[in-house]
Amino acid sequence: MPRHIRIVLVETSHPGNIGAAARAMKTMCLDDLVLVNPTGFPHTEASARASAAGDVLEKARVVQTLDAALAGCVLVAGTSARPRALGPTPLTPRECVQKLLALSPHQDVAVLFGRERTGLTNEELDRCHYLINIPANREYGSLNLAAAVQVIAYEIMLAAGMSGAAMGSRPPHATVEEMESFYTHLESAALESGFLDPANPKHLMRRLRHLFNRAQPDPSEVNILRGLLSALQDARMHARKRGPQMN
Ligand code: SAH
């Protein structure tokens, strides 16, 4: 069982969809379900639709924020029925699952699913290394939430069965928390330096996020980047202190 793959449902409004998603997961040997601010959970309809996957529902963790849902993960894939203007190039489920399973089974990865009405927000997708689009009817390509979970879970099952030997061949990635601390550091350095204008930030931080999400640095690479930022910040501070003497 690919235990390190977490399914995250964001603000699901129909309890039946949560149950059906749990069932979709269990049929494909997945059991790590995280619910961000669900409406009505636990709920009899969720249990009814889960059928014999009640154990997956019972184990499901309910959290209030996406940060909490992604804690400990090193890769995040978001699913969307719609293309987005800014962000990773959409992958098919098969392409994306290959990338997720290339990691060591000890590294957690998450697949995010959005709200029934509005999907995932741009800010939520900005947290993702990959964007998955399930190819579907161009005129009506929005699957039911649990049906989308089923498609992805099936691809995970298929790929995990076939690529057992290849799994775990990649070096460890930095966790989501390590990357968030890095982005906070990067933003403060960009502000201090004047490179980032708070009055006119444009999409600078979003674009930098996508750049580093593509790079998928390991923890020691993140340390190098943070060390470099700190050194540049220190150098700037010293130059400022020295400034008046030199004039
Ligand atoms: N109207 C919403 C659709 C939400 S469907 C929108 O435009 O985004 C609920 C969720 O199911 C989506 O957020 C996504 O996680 C998943 N989903 C539905 N259809 C999908 C598709 N074709 N590809 C990838 N994910 C899909």
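For ligands, and for the atoms within them, numbers begin at 1 and follow the listed sequence.
Judged purely by atom type and a 3.5 angstrom limit, Gln98 has no side-chain atom pairing as donor or acceptor with the backbone of Glu95. Arg49 contributes no side-chain N or O that, together with a main-chain N or O of Ala22, makes up a donor-acceptor pair within less than 3.5 Å.
Checking only distances, Arg84 never comes within under 3.5 Å of ligand 1, N or O to N or O. The N/O atoms of Ile132, backbone and side chain alike, include none that comes under 3.5 Å of an N/O atom in ligand 1. In terms of polar-atom proximity, Ile134 is counted as a contact of ligand 1, with an N or O under 3.5 Å from an N or O of the ligand. Remark: ligand 1 and Gly141 share an N or O pair separated by less than 3.5 Å (distance only, no angle test). Between Ser142 and ligand 1, not a single N/O pair is under 3.5 Å apart.
For atom 25 (N) of ligand 1, the nearest non-hydrogen atom from the set Val8, Thr79, Val149 comes from Thr79. For the residues Asn133, Ile152, Leu143, Leu145, the heavy atom positioned nearest atom 5 (S) of ligand 1 is part of Leu143. For atom 24 (C) of ligand 1, the candidate residues are Ala148, Ser80, Ala147; the nearest heavy-atom contact is made by Ser80.
If you look at Pro135 next to ligand 1, there are no close heavy atoms at all, none under 4.0 Å. The residue Asn144 has no part lying near ligand 1, judged by heavy-atom distances below 4.0 Å. The backbone and the side chain of Ala81 each have at least one atom closer than 4.0 Å to an atom of ligand 1 (non-hydrogen atoms only).
The NE2 atom of His14 sits 11.0 Å away from atom NE2 of His43, with the distance rounded to the nearest 0.5 Å. The OH atom of Tyr154 sits 14.0 Å away from atom CG of Leu30, with the distance rounded to the nearest 0.5 Å.
Distances below 4.0 Å separate heavy atoms of Phe113 from the following atoms of ligand 1: 15 (O).
The protein non-hydrogen atom at the shortest distance from atom 1 (N) of ligand 1 is Arg117 O, 3.0 Å. Protein heavy atom at the shortest distance from atom 6 (C) of ligand 1 is Arg82 NE, 3.4 Å. Of the protein's non-hydrogen atoms, the one nearest atom 9 (C) of ligand 1 is Arg115 O, 3.5 Å. Summary of contacts: the protein heavy atom closest to atom 12 (C) of ligand 1 is Gly114 N, 3.9 Å.
Under the 4.5 Å side-chain criterion, counting only non-hydrogen atoms from C-beta, Val176 is not in contact with Met179. At a threshold of 4.5 Å between non-hydrogen side-chain atoms, the residues Leu120 and Val10 count as touching.
No side-chain donor from either of Ser230 and Arg226 sits under 3.5 Å from a side-chain acceptor of the other. Thr65 and Asp67 share no side-chain donor-acceptor pair at under 3.5 Å.
In summary, of the residues considered (Arg207, His203, His210), a side-chain hydrogen bond (donor to acceptor under 3.5 Å, both in side chains) with Asp126 occurs for His210 alone.
Counting non-hydrogen atoms of neighbouring residues, nucleotides and ligands closer than 6.0 angstrom, the CZ atom of Arg127 exceeds 12 such neighbours.
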